[in-house]
Amino acid sequence: MQIKKSIILRFGLLYIGVAALAVVILGKALYLRIVDGDKWEEVVEKHNNKDIVIDANRGDILASDFRKLACSVPTYRIYMDMRAHGLSDEVFDGNIDSLSYLLSRFFGDRSKASFKTGLTKARAQGKRYYRVHTRRISFTELKKVKEFPLFRLGANKGGFIPKKYENRRLPFGELAARTVGSLYAEKDLGGRFGLEMAYNNSLKGISGVSTRTRVSGNWVVEEQVEPVDGHDIVTTIDIGLQDVAESALLQQLQKHKADHGCAVLMEVETGKIRAIANLGRASTGKYIEKYNYAIGEATEPGSTFKLASMIVALEDGVVQLGDSIETGKGYCYFYDRKMTDSHHGGYGTLSVREVFEKSSNVGVSKIIFDNYRDNPRRFVDRLYAMGLNKPLGIEIKGEAIPKLKYPGEKDWWGTTLPWMSIGYEIQQTPLQVLTFYNAVANNGRMVKPMFVESIQHHGELIKEITPTVINPSICSLETIEKVHEMMVGVVERGTTKNIKNNRYQIAGKTGTAQISNETTSYKDKKHQASFVGYFPADKPLYSCIVVVHAPSNNVYYANVVAGSVFKEISDRVYAQSYQHSEIETEFEVELAKHQPYSKGGKKEDLVTVLEEVGILFQGKELEADWISTSAREHDISLKRKNFPAGIVPNVKGLGAKDAVAILENMGIKVVLSGVGRVKQQSMTAGQNYRKGSTIYLKMG
Amino acid sequence: MNELIKKYIKGDRIIWYVILLLSVFSCLVVYSATGNLAYKHQDGNAVYYLFRHAKFLLVGLAIIIAVHHINYKWFARFATVFLYISIALLIVTAVSGVSLNQASRWLTVPVVGISFQPSEIAKLALMMYIAKVLAQFQANDRTADEAFKPIMIHVAIVCGLIFKDDFSTAALIGFTSWLVMMIGRVSMRYLFGTVAAVLIFVSVVIWLSDYVPFLHRASTWKARVERFVGGGDDSEDGSTTVDYQSQRSQMAIATSGVFMGRGPGNSQQRYFLPHPYSDFVYAIIIEEWGILIGGFLIMFAYLILLFRAGVIVRASSRTFPAFLVVGLSTLLVVQAFINMGVAVGVMPVTGQPLPLVSMGGTSTLFTCLAFGAILSVSRNNIEEKELETNTENQ
């Protein structure tokens, strides 16, 4: 029995040894879990479940007629994974020839052999991310490329990797580019300036999340949160007017070799900005939308500020329009400083009205200095009450803050009051000046400039933006009447007779300010020519400001430089609204009283139908593809319908099929709503269009 | 049914429960862990490997039933022949074995086309041979030192044939043999002398590995051991490196739970660990079933197996069956603990499967053979005892 005991004892020792090892192993497992667990948990999360952010589509920035000012266009670059799981030699070798051939034909700049060598070499090197071609291709092109041999096998078997790039496009190029804004190159940062930045939150949408988990050796992508597309921003900008503003401004800038300038057109009642052009000279000499001068640049406005001075004086009743003011030989002294008029030799005695119309510096400063010298606060308080010292608070970032000194401040001199009255020693931006004039045009009601009318989501209204009133009444209506009369006088009799016309009246004021900055003093003859006003004077619809900065040659008179830009814009606005009503009536479809109504359309088809049904009609002999119809008492009369190239046709009264055929053939995209015949079209007939723009047709 | 079980299932009941528990767990884990493999090689037919494994287990069950009905005396009688056959197979393998993972470990049986590792047979044969030799030299008043020489010669031959291509199995066999000799009352002088000799031999081989191309795999062990001793830093390169394997394995355990893990079928690391269904099956068990529910239960099963082996040894009236049970159970348990130790990272990475749990194909069958032999001894003991009580009663 001794042997057995000894064996069992030894076996017992082994057992203890194994049990000790068991404790060690379990201990280590618990240690891993309890001590290192969190650390590993993180690593595992990182390794296994990969969250992928699905970018939301950024909304578009639209003009007031829903044409796209900025939109996102995806482009793709083709890469290939040469070591894709299912890409066997057999598959690769079997398809490489046809693929190279198609690629060569598609891109057109490299031979089939060149593609083949490139691909084969990359395959030999086992590249996982081989760029097939440098060019980025569009979505439609991508669809084509996807069907190429090898590529059509997909990512796993064919190694096909299209990389998406989101490009922000401005279909209208430079038009209002600075106001529309741009994006940061880093997608997450969103808008860099302009409306892109101001409305970034609405535009950007909400990105979705998908997770990647491994299921049976395969990565499976699951969409957890669907991305929500960004909203579209409908701006107040009218592309036609913007185009006019930009080109008129450009012409003047080029003519006078100016440094920069801006032109802003605003709707009087609502403050809607219909056009905002900002052009500056680039180092190449070309003028580009390089800075939003209208919003960001505050300068001494010069004579345009005389309106504010006159309002204060008239409101306080210290002068009447008929009062005489002695302007003498065109100069006078305030303490030791000489005030001069631009008109050499002076005007002698002028009425208050004439002082304004002729823009006499001596006259205006005398009125203000004589009446407010003892209590300058009274003068400045009124200016403050009208809100001229405050920024407008527009949503676009970078608005310059106006500067308006207050008596008692350390840089308030004895000469400040007279010079301030003619627009010096203060600073305002063009948009601030315009807003003030617009208030006068709007019977004293000051509205905030408005850039965006509504926020939409795929054509559905999300939020309508209403005009904001800054100051319901800047002064009495009586005073408004008076200054209005004076401003009409400026164009009728005064400094800006050159823009006078007999179709409609303009009211406004020129301003020619001498500009100083750190490097140039007043003596260097740099000037800022501006004209600000509104039209038609009898029932103001639009206000407009044009500022041209530092014309470098001697033609610095505001009436010529800025006035002509103003005139071109106002002419176009006037013409457009006139034409508009004309077109509407001309193309109005008459409804038949006796004969059945028939839609206009393709002549051949229509004739067949009419003959078949047995309706009398005239005009069978017309040689035309498209005809319009008008019902008369006993028959239907056919008229030739022309669709001149390059101009949006009038498709009102046509059936959907015909309207779409005509428009799409011209390269216009059509979006239909409703049924029946075309009742309304979003692009006005007769206007110019660009290929690829969208027209909305309302049927009814 | 009960009758049927009583007729065919004999021997230690608790060991049968252990076999059942391990087999069931085995199916659960293998099903979960072979998803990746099924996707790669079987077009995503997820149950392919489960069915294959289940088939092997069923054949294995048949083997256990068949073997445990054999009288253990036959094992003693054929031990030597069995050993020489397996040595011959090892030689054939070394010369012409199918090369897998740069090591010739596998031999394909012609005609049938089944591959197996001859070292699996050699393990069992050697344990039978050792038991036989030890039993021959047991005497009440002295240690069994005469047994040392013949045992050591055969252990050296077997290990010598294996170690070049499969160091861990050679070490497992050598270590188990050493343990069995210790239990078989060989004197400590010999045993520690052997330890010293082996240490010297191994260091020489490792030192030579850089110069002798024949010993190519030695640099792998060296690297593994060095990394293990060095603490396994976090260099993240390629998925085949040992660092990566043990890191992933520890990750599996660390992200499990103290009681319950991620739940069956929810392992994450199965997609990243190489051989999650064999070498690292214990990590997957813990990841899915938790440390105490999954990890402890499996470990406890092996501890019970060893304990029941002790019970059988005590019940044995002869020395050969006692040593046979000692040898086979030690072999299985040591192998199991190596696998578990590797999974939690207390041992350097080796490729030892977890007996009966890992998906191993033919190795499952040899494991069942061992269980069969253990149960055969148990069955004999029980029947002997019944006979004794019967005669006493009569």
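Just so we're on the same page: letters track the sequence lines, and every chain starts at 1.
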Name the member of B:Ala254, B:Ser256, B:Ala144 that forms the most heavy-atom pairs with chain A at distances under 4.5 Å. B:Ala254
Chain B heavy atoms under 4.5 Å from A:Ile34: which part of the residue, side chain, backbone, both or neither? side chain
For B:Ser329 and A:Phe11, work out which heavy atoms get closest and say how close. OG-CZ, 4.3 Å
Tell me whether the count of non-hydrogen atoms from other residues, nucleotides or ligands lying under 6.0 Å of OH in A:Tyr129 goes above 12. yes
So which of B:Val180, B:Val334, B:Ile253 has the largest heavy-atom pair count under 4.5 angstrom toward chain A? B:Ile253
Report all side-chain donor-acceptor pairs from residues 314-322 of chain B shorter than 3.5 Å, counting only partners two or more places apart or in another chain.
| unit_1 | atom_1 | unit_2 | atom_2 | d |
| --- | --- | --- | --- | --- |
| B:Ser316 | OG | B:Ile312 | O | 2.9 |
| B:Ser316 | OG | B:Asn381 | ND2 | 3.2 |
| B:Ser317 | OG | B:Glu384 | OE1 | 3.2 |
| B:Arg318 | NE | B:Tyr72 | OH | 3.4 |

Heavy-atom count check: over 12 atoms from other residues, nucleotides or ligands less than 6.0 Å from A:Phe92 CZ? yes
For B:Val186 and A:Arg10, work out which heavy atoms get closest and say how close. O-NH1, 4.1 Å
Considering all heavy atoms of both residues, which atom of B:Ile304 and which atom of A:Tyr15 are nearest to each other, and what is their separation? N-OH, 4.3 Å
Would you find more than 12 non-hydrogen atoms of other residues, nucleotides or ligands less than 6.0 Å from A:Tyr31 atom OH? no
Could you tell me the separation between the CD1 atom of B:Ile183 and the CG atom of A:Leu14, rounded to the nearest 0.5 Å? 4.5 Å
Sequence neighbours left out, what pairs pass side-chain hydrogen bond (donor to acceptor under 3.5 Å, both in side chains) with at least one residue falling in residues 283-293 of chain B? B:Ser32-B:Glu288, B:Arg262-B:Glu287, B:Ser267-B:Glu287
Write out, in numerical order, the residues from residues 131-139 of chain B with a heavy atom short of 4.5 Å from a heavy atom in chain A. B:Gln138, B:Ala139
Heavy-atom contact with chain A under 4.5 Å, split by part of B:Val326: both
In terms of heavy-atom proximity below 4.5 Å to chain A, should B:Leu179 be classed as side chain, backbone, both, or neither? side chain
Of all heavy-atom pairs between B:Val313 and A:Lys4, which one has the smallest distance, and what is that distance? O-CE, 3.7 Å
Assert top hit (heavy-atom pairs under 4.5 Å, partner chain B, pool A:Ile8, A:Asp36, A:Leu32) equals A:Leu32
Using side-chain heavy atoms (C-beta onward) and a distance below 4.5 Å, is B:Phe323 in contact with A:Ile7? yes
Heavy-atom distance under 4.5 Å to chain A: side chain of B:Met340, backbone, both or neither? both
Could you state the interatomic distance from CD (B:Gln247) to CH2 (A:Trp40), rounded to the nearest 0.5 Å? 4.0 Å
If you check every heavy atom in residues 16-29 of chain A against those of chain B, which residues fall under 4.5 Å? A:Val18, A:Ala19, A:Leu21, A:Ala22, A:Val24, A:Ile25, A:Leu26, A:Lys28, A:Ala29
